[in-house]
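Taking it in order: structure first as structure tokens, then the write-up.
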Amino acid sequence: MKGLYHPITAIGVCIAAYCCVAKVHEILTFLDFFEKPSVHHDEACVKVMSIGASEDQTQFNSNSIVMTEWRATGYHPGEEKPPGALYVSSGFKQGTTAKSAQEFVENNLKIQELPIFNYPENIDFHPHGMYIRKEDSTLYVINHAYENGGERIDVFGVGTADDGDDDTENDIPNRLDYQYSITSDWMNNDMHGILNSLIVVEKNKFYVTQYLPIPERHDGWLSFERNIDIERFKTLVFGKRGTYVWYCEYDDESGSLDCRKVADQFIGANGITHNEDYSKIFVGDYFTINVFDRDASSNELQNRTTIDVPNFVDNLKFDKVSGNVYGGTINNLWYTVFVHPFPAESEQSTSGIMELAFDPQTSSWQAREIISSSKLNAISNGLKMGEFYVMGAGGLGYPGLLVCPVIKEAGQSNTGGGKAYDSEL
């Protein structure tokens with residue numbers, strides 16, 4: 001038995017070393033360490049500097065977009081943070097005759113800050129995800145008000161210029177009227193600073209994503225940053241998945257909020273969107289998009305389909321014209337987060353937009369990287385507006401928008417150098 005001791009020990013050491021090397025390789029692959037940054041389809045893209053860091057944007061109609069301005073990450077308790085704002089970009093219907101993104105930006109695109117009326121003076125405004133409920137023109141905005149207001153969802157009425165006709169597709173928002181806020185002790189304590197995106201299925205009934213596993217208000221002896229580092233270590237090494245999608249109902253008369261978990265096992269539940277009839281719910285989670293069937297009577301999410309996507313995907317938006325889902329992407333996580341972190345900008349930091357399309361012939365979803373560019377680093381949102389894609393980068397905090405012409409072959413077979421993945425339904 002003693003003669004076997006050293007060979008068995010050696011074999012055990014070799015196995016342990018192999019497992020460690022394999023795990024390190026897996027982690028580095030996850031972080032895009034072995035993938036060289038590349039750009040494609042961005043030659044005609046134009047960077048617009050009429051807005052600061054735009055974390056999220058949502059379509060008001062085919063002519064205009066409502067956008068946030070605020071850097072979503074990097075908060076420290078007690079830190080003075082500049083207030084955020086909401087903007088509108090418009091001119092997309094008039095821009096259909098533009099021959100290039102440059103011509104559209106110069107002649108048609110308008111970007112203006114939206115004035116907010118009747119907002120409480122003692123509440124900070126740090127907008128993250130948002131959603132427009134078109135049935136009553138209300139805007140729901142996740143607001144990390146921290147010490148001056150707590151975690152909340154602010155609800156606004158969207159005002160437009162009265163042009164005297166019934167065609168609302170040309171209307172452009174020109175003001176926001178504060179109505180009320182949705183909040184609770186649960187939001188302020190358990191969800192402090194970590195709600196991300198939402199969709200509203202009925203008035204004051206909504207799904208909201210939690211993108212970090214612990215609240216930013218943390219009372220332990222370690223700082224929030226160190227605790228998050230530990231949580232990320234658990235995810236990378238042990239595969240921990242500790243974030244969720246919540247379904248909530250708010251009673252605006254009593255002020256009560258009731259929320260329950262409807263989906264779990266996310267690394268960082270992020271962007272969320274739905275198809276036209278709300279029967280499908282899409283949730284972004286790092287390098288996957290999860291598609292759920294929604295039970296309209298119980299609001300439960302069922303029959304999860306997980307689709308691998310080419311890049312780290314952030315906010316998701318449904319385009320009713322094409323029936324596709326679009327999302328902003330960080331195309332090389334290693335260079336963007338570790339080699340050239342904010343506020344440095346680099347041509348090695350590539351970002352872009354992806355498209356998720358359903359092929360009825362194969363009953364499968366296909367996710368495709370449409371554009372990869374270094375013109376705007378760390379893109380956190382992207383949507384399709386007629387003949388153009390519009391992207392912003394407010395997550396890590398890079399100012400400006402990137403406007404690109406639509407790639408005609410997008411949503412078809414993988415062409416032009418873009419990466420594609422598919423998954424059966």
So, does Q57 use its side chain to make a donor-acceptor pair with the main chain of I65 at under 3.5 Å?
no
Is the number of heavy atoms from other residues, nucleotides or ligands within 6.0 Å of NZ (K110) greater than 12?
no
Using the test side chain to side chain contact (heavy atoms under 4.5 Å, CB included), find all partners of D229 that sit at least two apart in sequence or belong to another chain.
R226, R232
Hey, is CD on E347 packed in by over 12 heavy atoms from elsewhere, all under 6.0 Å?
no
In Å and rounded to the nearest 0.5 Å, what is the CD to NE2 distance from E43 to H41?
7.5 Å
Treating T273 as the side-chain partner and F318 as the backbone partner, does any N or O pair qualify as donor plus acceptor under 3.5 Å?
yes
Any idea how Y119 and F156 line up, ring-wise: parallel (<30°), tilted (30 to 60°), or perpendicular (>60°)?
parallel
Partners meeting salt bridge (charged side-chain N to carboxylate O under 4.0 Å, His left out) with K261 (sequence neighbours left out):
none
Taken in chain and number order and not counting sequence neighbours, the residues that satisfy salt bridge (charged side-chain N to carboxylate O under 4.0 Å, His left out) with E300 are R260
I need the single residue from N331, D42, T329 that forms a side-chain hydrogen bond (donor to acceptor under 3.5 Å, both in side chains) with S372. Which is it?
N331
Between F104 and F388, how do the two ring planes meet: parallel, tilted or perpendicular, split at 30° and 60°?
parallel
Excluding sequence neighbours, so at least two apart, what forms side chain to side chain contact (heavy atoms under 4.5 Å, CB included) with A378?
I330, T336, L396, Y398
Kindly indicate, with the supporting measurements, whether the criterion side-chain hydrogen bond (donor to acceptor under 3.5 Å, both in side chains) is fulfilled by N377 and E345.
CA-CA 7 Å; N377 291 176; E345 294 188 67; 5.2 Å; no
With N315 via side chain to side chain donor-acceptor pair (under 3.5 Å) - residues at least two apart:
E55, S197
Main-chain N/O of I267 paired with D285 side-chain donor or acceptor, under 3.5 Å:
yes
So D154 and S181, side-chain hydrogen bond (donor to acceptor under 3.5 Å, both in side chains) or not? Walk me through it.
CA-CA 4 Å; D154 293 330; S181 293; 2.5 Å; yes
For W246, run the ring-ring contact (aromatic ring centres under 6.0 Å, His included) check against Y211, W186, F206 and tell me which one passes.
W186
Taking the six-membered ring for Trp, are Y146 and H192 parallel (under 30°), tilted (30 to 60°) or perpendicular (over 60°)?
perpendicular
Quick check: do I123 and R152 have side-chain heavy atoms less than 4.5 Å from each other?
yes
In terms of ring plane angle, is the pair F287 and F30 parallel, tilted or perpendicular, where the classes change at 30° and 60°?
perpendicular
If you measure from CD on Q112 to OG on S50, what distance do you get to the nearest 0.5 Å?
10.5 Å
Verdict with supporting geometry, D277 and R294, salt bridge (charged side-chain N to carboxylate O under 4.0 Å, His left out):
CA-CA 10 Å; D277 65 0; R294 171 178 173 259; over 6 Å; no
I need the minimum non-hydrogen distance between Q59 and M385, along with the two atoms involved.
NE2-SD, 3.0 Å
Spacing of C248 atom SG and L198 atom CG [to the nearest 0.5 Å]
9.5 Å
Over 60° means perpendicular and under 30° means parallel, so tell me whether Y278 and H274 are parallel, tilted or perpendicular.
parallel
Are more than 12 heavy atoms, taken from residues, nucleotides or ligands other than D136, located less than 6.0 Å from that residue's CG atom?
yes
Tightest non-hydrogen contact, residues T243 and L212, listed as CG2-C, 3.6 Å
Give the C-alpha distance, both sets of side-chain angles, the deciding distance and a yes or no for side-chain hydrogen bond (donor to acceptor under 3.5 Å, both in side chains) between N108 and Q94.
CA-CA 7 Å; N108 303 105; Q94 290 83 358; 6.0 Å; no
Partner set under side chain to side chain contact (heavy atoms under 4.5 Å, CB included) for Y180, not counting sequence neighbours
Y140, V155, I182, K203, N204, Y250
Spell out, as yes or no, whether a donor-acceptor pair under 3.5 Å connects the side chain of S54 to the backbone of G394.
no
Go through it in stages, so that I can follow the logic: the residues are N270 and D314, the test is side-chain hydrogen bond (donor to acceptor under 3.5 Å, both in side chains), and I'd like the CA-CA distance, side-chain angles, deciding distance and then a yes or no.
CA-CA 6 Å; N270 199 315; D314 204 326; 3.2 Å; yes
